[in-house]
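Computed over heavy atoms, backbone and side chain alike; hydrogens, waters and symmetry mates excluded.
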Amino acid sequence: MDSAEFHESVYNVVRQIPYGKVTSYGHVAKLIGMPRHSRHVGQALKFVSPDTIPPIPWQRVISSSGTISSRGPGTTGAQRQKEALEAEGVEVSEAGRVNFGVYGWFPDVGTVDIGVTLEDEANDDDDT
DNA sequence: ACAATGACCCTGT
DNA sequence: CACAGGGCCATTG
């Protein structure tokens, strides 16, 4: 799994988050089979540009605590994310928190097409 | 090779 | 709920 494939998997999963729903970095990491790489999911998402086709709804990925992660003081990323979510009907509290009980999307691992053949990676024998 | 960093996560106080 | 500490792991200086 290269970083390129990692990104692909992340994008594929994120694209499948239903409109008006949100999930967490950690869950995305689990879905692509790398539960320890929650931080890198965010890293992958920051490479996303609004011009990407098909579009990647990066705003639907927040922290496991249900809050929008701050990109640091002076940045507007978190603010844009909040507005983007509200634009699709997701309620975001003033503290930047979303009610997972209502808007959470946490499908079981294996029920989501990650777009990468992880199932065939064990098949490397050279049958003649 | 080492140290620091990051759109994270979990547990404990 | 707020805060602190430890763990995690690829990337960057």
Side-chain angles (χ1 to χ4, degrees):
Chain A
M1 170 86 78
D2 292 346
S3 64
E5 287 202 313
F6 177 80
H7 285 191
E8 282 298 307
S9 304
V10 171
Y11 299 158
N12 261 301
V13 170
V14 172
R15 278 197 266 251
Q16 290 175 66
I17 303 174
Y19 181 92
K21 293 285 185 177
V22 296
T23 190
S24 70
Y25 300 98
H27 197 77
V28 171
K30 286 181 184 177
L31 292 178
I32 66 177
M34 301 184 90
R36 311 299 213 216
H37 293 60
S38 52
R39 319 185 70 137
H40 308 292
V41 171
Q43 286 292 8
L45 291 182
K46 81 179 188 182
F47 288 119
V48 173
S49 74
D51 303 323
T52 305
I53 302 295
I56 300 172
W58 55 272
Q59 69 269 24
R60 296 177 195 156
V61 184
I62 62 181
S63 71
S64 65
S65 56
T67 62
I68 293 176
S69 301
S70 175
R71 269 57 145 200
T75 60
T76 59
Q79 181 60 36
R80 287 188 307 133
Q81 181 166 18
K82 180 175 183 291
E83 295 179 3
L85 286 176
E86 292 178 326
E88 51 185 78
V90 176
E91 295 180 57
V92 183
S93 76
E94 194 51 46
R97 196 168 73 218
V98 174
N99 186 338
F100 276 148
V102 178
Y103 306 103
W105 182 76
F106 298 95
D108 195 15
V109 178
T111 64
V112 174
D113 175 28
I114 64 177
V116 178
T117 59
L118 291 178
E119 309 168 20
D120 288 87
E121 66 180 42
N123 183 2
D124 59 273
D125 73 293
D126 55 306
D127 56 302
T128 53

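We find that CZ of A/F6 is positioned 18 Å from P of B/dG6, with the value rounded to whole Å. Between A/H7 atom NE2 and C/dA10 atom P the separation is 12 Å, expressed in whole Å. Straight-line distance from the CD1 atom of A/I32 to the P atom of C/dC9: 13 Å, rounded to whole Å. Here C/dC9 presents its C1' atom at 16 Å from CG of A/D2, a figure rounded to the nearest Å. As rounded to whole Å, 13 Å separates atom C1' of C/dA10 from atom CE of A/M1.
Taking the side chain as every heavy atom from C-beta outward, A/I62 and A/S69 never approach each other to under 4.5 Å. Counting only heavy atoms from C-beta outward, the side chains of A/V61 and A/V10 never approach each other to under 4.5 Å.
Taking the C1' atom of each, B/dA1 and C/dG13 are spaced 13 Å apart, rounded to whole Å. On the C1' atoms, B/dG6 is 12 Å away from C/dC8, given to the nearest whole Å.
When each of A/H40, A/R39, A/K46 is tested with A/Q43 by the rule side-chain hydrogen bond (donor to acceptor under 3.5 Å, both in side chains), just one qualifies, namely A/K46.
Between A/R80 atom CZ and A/R71 atom CZ the span is 7.5 Å, to the nearest 0.5 Å.
Using modelled atom types, no side-chain atom of A/Q59 and backbone atom of A/E86 make a donor-acceptor pair closer than 3.5 Å. Of the possible polar contacts, one joining the A/N99 side chain to the A/G101 backbone as a donor-acceptor pair under 3.5 Å is found. Put simply, the side chain of A/Y11 gets close to the backbone of A/A44: a donor and an acceptor are under 3.5 Å apart.
Between A/R97 and C/dC1 there is a side-chain polar atom (N or O) within less than 4.0 angstrom of OP1 or OP2.
Of the residues in residues 39-50 of chain A, those with a non-hydrogen atom less than 4.0 angstrom from any atom of DNA chain B are A/R39, A/H40, A/G42, A/Q43, A/L45, A/K46. Contact check of residues 54-69 of chain A against DNA chain B (heavy atom, cut-off under 4.0 Å) returns A/W58, A/S63, A/S64, A/S69.
Within the nucleic acid shown, A/T75 has no heavy atom closer than 4.0 Å to any nucleic acid atom. Contacts of A/R36 with the nucleic acid, taken as non-hydrogen atoms under 4.0 Å apart, involve only primed sugar atoms and P, OP1 or OP2. Using a 4.0 Å heavy-atom cutoff across all strands shown, A/G26 reaches sugar-phosphate atoms only and no base atom.
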Show the atom names and distances, to 0.1 Å, of all donor-acceptor pairs under 3.5 Å that link a side chain in residues 22-34 of chain A to residues at least two apart or in another chain.
| residue | atom | partner | partner atom | Å |
| --- | --- | --- | --- | --- |
| A/T23 | OG1 | A/W105 | O | 2.9 |
| A/S24 | OG | A/H27 | N | 3.1 |
| A/H27 | NE2 | A/P107 | O | 2.7 |

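Ring geometry, A/F47 versus A/H7: the interplanar angle falls from 30° to 60°, so the pair is classed tilted.
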